[in-house]
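Given the structure is predicted, the values throughout are model-derived calculations rather than measurements. Throughout, protein chains are lettered first and strands after them, A, B, ... in sequence-line order, and every chain is numbered starting at 1.
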Protein chains: 2
Amino acid sequence: MALGKDYVAQECSIARALEVVGERWTLLVVRDAFYGVRRYNDFLVHLGIPRAVLAARLQTLTAAGVLEKRRYQESPPRDEYVLTERGRGLWPTVRSLGLWGRLHFTETLLRYFRHTICGTELGPYGECAACGTVVPLEDVEMMPGPGLDPAPEDPVSRALLKPKRLLQPIETEPLGTEPLGTEPLKADPV
Amino acid sequence: MALGKDYVAQECSIARALEVVGERWTLLVVRDAFYGVRRYNDFLVHLGIPRAVLAARLQTLTAAGVLEKRRYQESPPRDEYVLTERGRGLWPTVRSLGLWGRLHFTETLLRYFRHTICGTELGPYGECAACGTVVPLEDVEMMPGPGLDPAPEDPVSRALLKPKRLLQPIETEPLGTEPLGTEPLKADPV
DNA sequence: ACGTCTTGGTTCATTCACCGAACCTTGGGT
DNA sequence: ACCCAAGGTTCGGTGAATGAACCAAGACGT
């Protein structure tokens with residue numbers, strides 16, 4: 001946490017956990033990592049987070065072993081951040097928190113998650129009621145709900161509009177792929 | 001969150017949830033509420049949180065419907081803060097976060113939780129493997145582990161040393177109940 | 001060879017939440 | 001009349017978050 005004084009006095013594993021993922025923005029970065037976001041710029045535009053804060057969070061999460069910085073191309077050297085095994089262990093937390101938010105503070109369904117193999121929606125902890133098992137992350141499919149903005153600004157949100165597996169890297173459209181017909185309008189919204 | 005700008009751009013129930021419980025200290029207050037802490041002063045001494053921050057958090061959580069402020073005595077009017085149904089819905093989140101912290105950042109076992117009826121330790125999501133059910137909060141018994149400080153300073157931590165049910169109000173010793181034999185020593189630790 | 005673009009940052013001034021100590025208020029108790 | 005306990009509020013100082021500007025390495029067109 002590194003905010004003045006940590007939760008240092010707390011003899012509690014929850015406090016330990018919050019020292020790692022309890023800062024502002026951190027859990028949203030982790031959520032995006034589950035959604036398949038991996039690159040600095042994608043986190044940036046999707047979260048709308050200040051650059052300095054994002055750099056600090058990625059640094060902290062990497063140091064804590066939640067994310068791993070990994071070279072994905074050499075020619076211009078570029079790194080991506082992917083969840084480690086430890087990071088993937090946060091799925092039940094992220095899942096249950098999201099479900100709680102959806103149940104109590106959301107009007108329309110934004111996203112839901114289902115077991116790819118059988119199609120049933122996940123339970124509160126990421127388990128499949130039909131199969132009776134905790135679904136491995138690779139078999140979780142994220143589905144868009146009716147509450148999502150159908151034409152969001154940033155390319156990452158657009159990439160997240162279609163169903164996709166968790167952890168599977170997002171595919172942002174190569175630039176210039178504006179949704180046809182929207183660009184040339186320049187309609188004056190008065 | 002009310003920090004500059006909320007997570008307002010986020011179309012996400014996780015972001016919604018974090019606006020309520022994502023601030024510093026908030027989830028620890030909720031944890032304490034699960035542990036049976038109910039009164040301002042008990043939160044204060046157990047968390048070591050600044051008074052103003054605690055007041056703000058209790059206010060926010062009450063406004064969000066996570067806690068309920070309830071009069072527990074009239075003569076000097078006193079209120080306590082107890083978890084609502086909505087607040088109790090955070091148990092999976094708190095449980096999974098604590099388990100994650102314990103698995104990755106704790107050396108010795110601090111606390112564990114078991115099903116009162118059959119005695120088995122809870123699974124990752126608060127379920128009982130033996131009974132095959134999710135254990136209702138009232139049937140969860142919090143047990144001290146070997147990693148806990150056996151003689152903590154504050155009375156709340158002392159009250160949490162003995163096994164107790166979740167949500168069951170803590171019993172702080174009436175003052176003057178110093179652990180016999182420790183007080184008069186005044187051993188100089190040099 | 002030159003300017004430009006993309007990616008992934010760092011720097012910096014300003015704002016705002018956190019901190020901790022002191023103070024306040026209500027209602028006993030003695 | 002005085003003191004105490006519970007539950008706060010006030011206030012000056014500190015440090016993190018914010019957002020805009022700047023920086024740098026490497027590709028790429030011309």
Contacts under 3.5 angstrom, residues 52-63 of chain B side chains, donor-acceptor by atom type, not counting sequence neighbours:
{"unit_1": "B/Arg57", "atom_1": "NE", "unit_2": "B/Arg24", "atom_2": "O", "d": "2.8"}
{"unit_1": "B/Arg57", "atom_1": "NE", "unit_2": "B/Thr26", "atom_2": "OG1", "d": "3.3"}
{"unit_1": "B/Arg57", "atom_1": "NH2", "unit_2": "B/Arg24", "atom_2": "O", "d": "3.2"}
{"unit_1": "B/Thr60", "atom_1": "OG1", "unit_2": "B/Ala56", "atom_2": "O", "d": "2.9"}
{"unit_1": "B/Thr62", "atom_1": "OG1", "unit_2": "B/Leu58", "atom_2": "O", "d": "2.6"}

Residues forming a side-chain contact (heavy atoms from CB on, under 4.5 Å) with B/Pro124, sequence neighbours excluded: B/Leu99, B/Glu127
OP1 or OP2 of D/dG8 under 4.0 Å from side-chain N/O of B/Tyr81: yes
For atom OH of A/Tyr40 and atom C1' of C/dG8, their distance in whole Å: 6 Å
Quickly work out the A/Ile49 CD1 to D/dA16 C1' distance and round it to whole Å. 13 Å
With sequence neighbours excluded, residues passing side-chain hydrogen bond (donor to acceptor under 3.5 Å, both in side chains) with B/Ser13: none
Can you name the ring pair (Phe, Tyr, Trp, His ring centres under 6.0 Å) partners of A/Phe105, sequence neighbours left out? A/Trp100
Any donor-acceptor N/O pair, B/Arg165 side chain to B/Glu138 backbone, under 3.5 Å: yes
Separation of atom CZ in B/Phe43 from atom P in D/dA6, rounded to whole Å: 15 Å
OG of A/Ser96 to CG of A/Leu103: how many Å apart, nearest 0.5 Å? 11.0 Å
Scan residues 31-39 of chain B against DNA chain C and write down, sorted by residue number, each residue with any heavy atom closer than 4.0 Å; if none is found, say none. none
Tabulated below should be each protein N or O lying under 3.5 Å from an N or O of nucleotides 27-30 of chain C; please produce it.
{"unit_1": "C/dG27", "atom_1": "O3'", "unit_2": "B/Ser75", "atom_2": "O", "d": "2.6"}
{"unit_1": "C/dG28", "atom_1": "OP1", "unit_2": "B/Ser75", "atom_2": "O", "d": "2.8"}
{"unit_1": "C/dG28", "atom_1": "OP2", "unit_2": "B/Ser75", "atom_2": "O", "d": "3.4"}

Between residues 51-69 of chain B and DNA chain D, which residues have a heavy-atom gap below 4.0 Å? B/Arg51, B/Ala52, B/Ala55, B/Lys69
Taking every non-hydrogen atom, the tightest pair across A/Gly36 and A/Lys164: CA-NZ, 4.1 Å
Spacing of CZ belonging to B/Phe113 relative to CZ belonging to B/Phe34, to within rounding of 0.5 Å: 10.0 Å
Roughly, in whole Å, what's the span from CZ in B/Arg24 to C1' in D/dA17? 14 Å
Please report, rounded to the nearest Å, how far the P atom of C/dT6 is from the CG atom of A/Leu44. 15 Å
Does CD in B/Glu153 sit with more than 12 non-hydrogen atoms of other residues, nucleotides or ligands closer than 6.0 Å? no
How many whole angstroms separate atom CG of B/Asp42 from atom C1' of D/dA6? 11 Å
Would you tabulate the nitrogen or oxygen pairs shorter than 3.5 Å linking the protein to nucleotides 1-4 of chain C?
none

Sequence neighbours excluded, which residues qualify as side-chain hydrogen bond (donor to acceptor under 3.5 Å, both in side chains) partners of B/Tyr72? B/Arg39
Partners passing side-chain hydrogen bond (donor to acceptor under 3.5 Å, both in side chains) against A/Arg38 (at least two apart in sequence or in another chain): A/Glu80
Whole-Å gap separating C1' (C/dC18) and CD (A/Glu23): 13 Å
Where at least one partner belongs to residues 81-108 of chain B, residue pairs that pass salt bridge (Lys or Arg N to Asp or Glu O under 4.0 Å), sequence neighbours excluded: B/Glu85-B/Arg88, B/Arg102-B/Glu121
Distance check: side-chain N/O of A/Tyr72 vs OP1/OP2 of C/dT7, anything under 4.0 Å? no
B/Trp25 CH2 to C/dC19 C1', in whole Å, measures 10 Å
Which residues pass the side-chain hydrogen bond (donor to acceptor under 3.5 Å, both in side chains) test with B/Asp79, not counting sequence neighbours? B/Arg71
